[in-house]
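Okay, structure first, notes after.
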Number of protein chains: 2
Amino acid sequence: MNQERENASNYSSGRYRTPDGAPADIVIFTIASEERKSAKKSLPHRELQVLLIRRKNWPFEGMWALPGGFCSESETLRECAQRELLEETGVEDIHLEYFNAYSEPGRDPRGWMISHAFFALVNETRLARRRANDDAADVKLFPVAQALEMSLSFDHGAILRDALARIQEQMLTTTIAKQFLPEEFTISELYQVIETVVPEFEEKNFIRKITSTQSRKGILEEARDSDGDLKLSNRYSQRAAQLYRFTNYRPKLSIYS
Amino acid sequence: MNQERENASNYSSGRYRTPDGAPADIVIFTIASEERKSAKKSLPHRELQVLLIRRKNWPFEGMWALPGGFCSESETLRECAQRELLEETGVEDIHLEYFNAYSEPGRDPRGWMISHAFFALVNETRLARRRANDDAADVKLFPVAQALEMSLSFDHGAILRDALARIQEQMLTTTIAKQFLPEEFTISELYQVIETVVPEFEEKNFIRKITSTQSRKGILEEARDSDGDLKLSNRYSQRAAQLYRFTNYRPKLSIYS
DNA sequence: GCAATAGTGTCTCTTAGACAATATAGA
DNA sequence: TCTATATTGTCTAAGAGACACTATTGC
């Protein structure tokens, strides 16, 4: 023990310049949906949004930034990000994923800071509760398209771009769409969510492929009530639509097969 | 300017405990191939290997570890990793990719260190030159299967596992296979490389799929000589095989289509 | 009946998957 | 000729892609 302590203190006796902090920044995405004003039932308009906060202190005082904070020695980066997420949005237990580190010298005027970037996907229904509590002037959801054009603090513009690219890729290759959907949803809702995140997405025979092709149909299963009958919803349509839920099945993708 | 400096010094006046360094560790993979001793021409035996170094100092003195080093304030993590890679292997300009950060408290007895993990893919022909120069006792390639069973320094066992999972996924979804192949190669070589990294991989009609199905044939193109004639190789076979090269085309993958 | 969404029929062309068969050339 | 790899033939079932068509139900 003494040996170890001595070694350790020997080691850190100022031979190296050390970082001035270990920040974690979080790109919090949500999909806002707005009922369209129409006499008939119709699908809502959906929009991908990102949560930004207005900085109160130097540097970049008054500018918008990604939520984040400093990690302490006694927690992992993930725990730090979870803590920040809870503070900013009041939500826990949601999809939170580390995706990159930002280490460009000079990226932070406060000193040498390597930022650890996470993205989080939050269902708007869970975000809604919290929003009323906040000072709307300091914490705000922005449409992603708009946020990308804003001048953000630090290199947060680049972080946002990277996060968006990542969730666009994952939206098509994993089942993260479920983060933006209720437990049970219709095929149209799923399609809309995918389209909202990846505007280029187009799949003419979507319903058929997802429900009846052998290689993919394992992704979803029909929702059934306690009697085992199929559950339908007519929330967005005159004709009731079948409700589905995600299974745990995740097809393996390959460019070679 | 003065204002900024004053703010900065104000900021860092010991309010937070700061990390004791910013290390980058690199998981360097290569595929070693060994000609089989057979009278007839036959495909070599291939094996995925990882480069480890034996630690000379406390902590974990004498144990094997991933190569790595401390990042300086004036470089990015990538530059740091590139520098380390050059020092350990003598190679530059190869596939180097950041994949995770390791921040478990207590992971490094020297203090609070968040390790930034990269993986690198090196063609054995480029590694061969360097190996003679090194003291074989301190830098060594291990079969990955063996390295996974060794007790490595720090949390390098976990880092190695994660890196392996990542390149297995990427082997099937991107064209990183080319990192382990010469510019021009035969279909069998490509198949072997994929199989070496992902043992479960099996594709009965591989040659046909990769060369003649519409959705995938863009990945490869036939190699041709200056006259425009097809180039063949009989290095591994009696009957000469068509040589191919990767194009820049990268199919988009989706679980929904 | 109209509007708005849900879902099916149908047709053609391509691909998957399994195996057998043929091709090539050095030893 | 034998051996080891390369490449094509063939057949069936499944899927892709396009579009027209039917279904449902509140207004």
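Note that the structure is predicted; figures quoted are calculated from it, not measured. Labels below follow one simple rule: chain letters A, B, ... track the order of the sequence lines, proteins then strands, and each chain is numbered from 1.
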*Select from B:Glu203 and A:Ala241 the residue whose nearest nucleotide in DNA chain C is closer to the 5' end of that strand.*
A:Ala241
*Take atom CG of A:Leu243 and atom P of C:dA6, then tell me their distance rounded to the nearest Å.*
11 Å
_Measure OH/A:Tyr191 against C1'/C:dG7 and give the value in whole Å, please._
15 Å
_Listed nucleotide nearest any side-chain atom of A:Ser237, set D:dA18, C:dT5, D:dT7_ = C:dT5
*Rounded to the nearest Å, what distance is computed from the CD atom of residue A:Gln192 to the P atom of nucleotide C:dA4?*
15 Å
_Please report the distance, rounded to the nearest Å, between CD in B:Glu195 and P in D:dT5._
12 Å
*Nearest-Å distance, CD (B:Glu202) to C1' (C:dG17)?*
11 Å
*asked:* Between C1' on C:dG26 and CZ on B:Arg235, what's the gap in Å once rounded to a whole number?
replied: 17 Å
*Would you please indicate if the ring centroids of B:Phe119 and B:Tyr98 are separated by under 6.0 Å?*
no
_Among A:Tyr244, A:Phe246, A:Phe180, ring-ring contact (aromatic ring centres under 6.0 Å, His included) partner for A:Phe185_ = A:Phe246
*Taking the six-membered ring for Trp, are B:Tyr191 and B:Phe201 ring centroids under 6.0 Å apart?*
yes
_Taking B:Arg46 first and then B:Glu189, would you say they form a salt bridge - that is, a charged N and a carboxylate O separated by under 4.0 Å?_
yes
*asked:* Between C1' on C:dA27 and OH on B:Tyr236, what's the gap in Å once rounded to a whole number?
replied: 20 Å
Give every pair of a protein N or O atom and an N or O atom of nucleotides 23-25 of chain C that lie under 3.5 Å apart, one pair per line with the distance.
unit_1	atom_1	unit_2	atom_2	d
C:dA23	O4'	B:Arg239	NH1	3.4
C:dA23	N3	B:Arg239	NH1	3.0
C:dT24	O2	B:Arg239	N	3.3
C:dA25	O4'	B:Gln238	O	3.4

*Taking atom C1' of C:dG7 as reference, at what distance in whole Å does atom CD of A:Glu222 sit?*
13 Å
*asked:* Can you tell whether the side chains of A:Arg126 and A:Glu124 come within less than 4.0 Å, N to carboxylate O?
replied: no
_Within-4.5 Å side-chain heavy-atom neighbours: A:Arg245 and A:Leu220_ = no
_Sole candidate of B:Ile167, B:Thr30, B:Ile31, B:Ile94 that passes side chain to side chain contact (heavy atoms under 4.5 Å, CB included) when paired with B:Leu121_ = B:Ile167
*Sub-4.5 Å side-chain heavy-atom contact between A:Gln49 and A:Phe142*: no
*Specify the closest pair of heavy atoms between A:Ile28 and A:Val122, including all atoms of both residues, with the distance to one decimal.*
CG2-CG2, 3.6 Å
*Under 4.0 Å between a side-chain N/O of B:Ser188 and OP1 or OP2 of D:dA6, yes or no?*
yes
Extract from the structure each pairing of a protein N or O with an N or O of nucleotides 10-12 of chain D at less than 3.5 Å, listing the distance.
unit_1	atom_1	unit_2	atom_2	d
D:dT10	O4	B:Arg208	NH1	2.9

